[in-house]
Amino acid sequence: MELELELQPLNLPCDSDRSLVIAGPCSAESEEQVMCTARQLAMKGCHIFRAGIWKPRTKPGGFEGHGETALPWLKRVKEETGMMVSTEVATPEHIEAALKYDVDLLWIGARTTANPFAMQSIADALKGVDIPVLVKNPVNPDLELWIGAMERINQAGIKRIGAIHRGFSSYDKKIYRNLPMWQIPIELRRRIPQLPIICDPSHIGGKRELIAPLCQQAMDLGFDGLIVESHCEPDKAWSDAKQQVTPEVLDYILNLLVIRNEHTTTEGITTLRKQIDELDNQLIELLAKRMRVCREIGQYKKEHNMTVLQTTRYNEILDKRGAHGALCGMGPKFVKEIFESVHEESVRQQMEIINK
């Protein structure tokens, strides 16, 4: 049975020009480092400070956080700067400790989101608590698992819930540390329109030079905010040094952001949208005609005892259509994916004919 989330606004402070921004170092390394970064961010107008107290590392031997020892540092940030403070939790014990030190906002990491057992134990620990909780997408691109994690938290009585899009792991890392795969948070927004979605450009990019363009992409797609890693001396950071920026650089990036008005009247594009609707209808009709021809080919293959899959022909289609698409201003990968799907449906229909 599909569940609906019962949500309330996060009620987190937003900069009127920047939307919601959560910033701070990947890890709380020392009280001095935490306070230095927090003071600089507060001076730049940041309202919510983040820092990793417990750090899940891919391999043992790296810095895994100071744990509860560092929580008083966050409390000091809150008292001296007036900022709200936030950290990642992965166990009921983490939640208990964070609440003891008046942490204002919790987030759940990608590895934890991917584990329903862990998510249920966290949900059970949150019963009776009123605190905003942000849930990062699971490591792999699984929208149902992501939604399921938020449903568990919601069923525990937490209504101030948001999603963090931090990209998805890939063996073949080229530009990004984690592939953005924007279509997944876009589908999440379609499925749960009232759910706030926050972008994590630090973990998507993995490099500080990618943070600015990723922030702008997120704003262009209508995301509700950003969570960015910022360190007073990023090159000396004990974890994820390459993806952290100074508070000054972060302020520069945020000041350059163009925040578009999602609620502006669409009257001016109504005619263009009608054209899109007409073209989409034509596309469907053309695909239907193509499938009719494919079924005729399937009948021919059946009568002449031919296999459905003709690899040479398939490769020819992909190569030619990809080249044609590039000439028309479309990405070859985009065209290739379209015709892979078209071919898959063609094969399915021909298999039905051959097996009748």
Are side-chain heavy atoms of Leu134 and Ile22 found at a separation under 4.5 Å? yes

Checking the side chain of Lys75 only, and the main-chain atoms of Val85 only, is there a donor and an acceptor separated by less than 3.5 Å? no

Could Glu29 and Lys236 be called an ion pair, given the rule that one side-chain N must be under 4.0 Å from one carboxylate O? no

Enclosure of Asn11 CG (heavy-atom neighbours >12, cutoff 6.0 Å): yes

When you measure from the side chain of Glu229 to the backbone of Ala51, do you find a donor-acceptor pair of N or O atoms at a distance under 3.5 Å? no

Arg160 with Asp130: basic N within carboxylate O range, under 4.0 Å: yes

Charged N-O contact under 4.0 Å between Lys78 and Asp102: no

Residues Arg50 and Glu88 bridged, charged N to O under 4.0 Å: no

Salt-bridge test for Arg348 and Glu352: reply yes if a basic N is under 4.0 Å from a carboxylate O, no otherwise. yes

Less than 3.5 Å apart, which donor and acceptor atoms pair up between the side chains of residues 318-339 and the rest of the protein, not counting sequence neighbours?
unit_1	atom_1	unit_2	atom_2	d
Lys320	NZ	Glu316	OE2	2.9
Lys336	NZ	Glu340	OE2	2.5

Is the Tyr300 ring parallel, tilted or perpendicular to the His304 ring (thresholds 30°, 60°)? parallel

Pairs involving residues 120-140, ordered by first then second residue, that meet ring-ring contact (aromatic ring centres under 6.0 Å, His included) (sequence neighbours left out): none

Checking the side chain of Asn140 only, and the main-chain atoms of Asp142 only, is there a donor and an acceptor separated by less than 3.5 Å? no

Taking the inter-plane angle between the rings of Trp182 and Phe223 on a 0 to 90° scale, is it parallel (under 30°), tilted (30 to 60°) or perpendicular (over 60°)? perpendicular

Quick one: are Val245 and His231 in side-chain contact, heavy atoms under 4.5 Å? no

N/O donor-acceptor pairs under 3.5 Å from side chains in residues 280-294, not counting sequence neighbours:
unit_1	atom_1	unit_2	atom_2	d
Asn281	ND2	Asp277	O	3.3
Arg290	NH1	Ser346	OG	3.4

Look at the rings of His343 and Tyr314 and say which category their plane angle falls in: under 30° parallel, 30 to 60° tilted, over 60° perpendicular. parallel

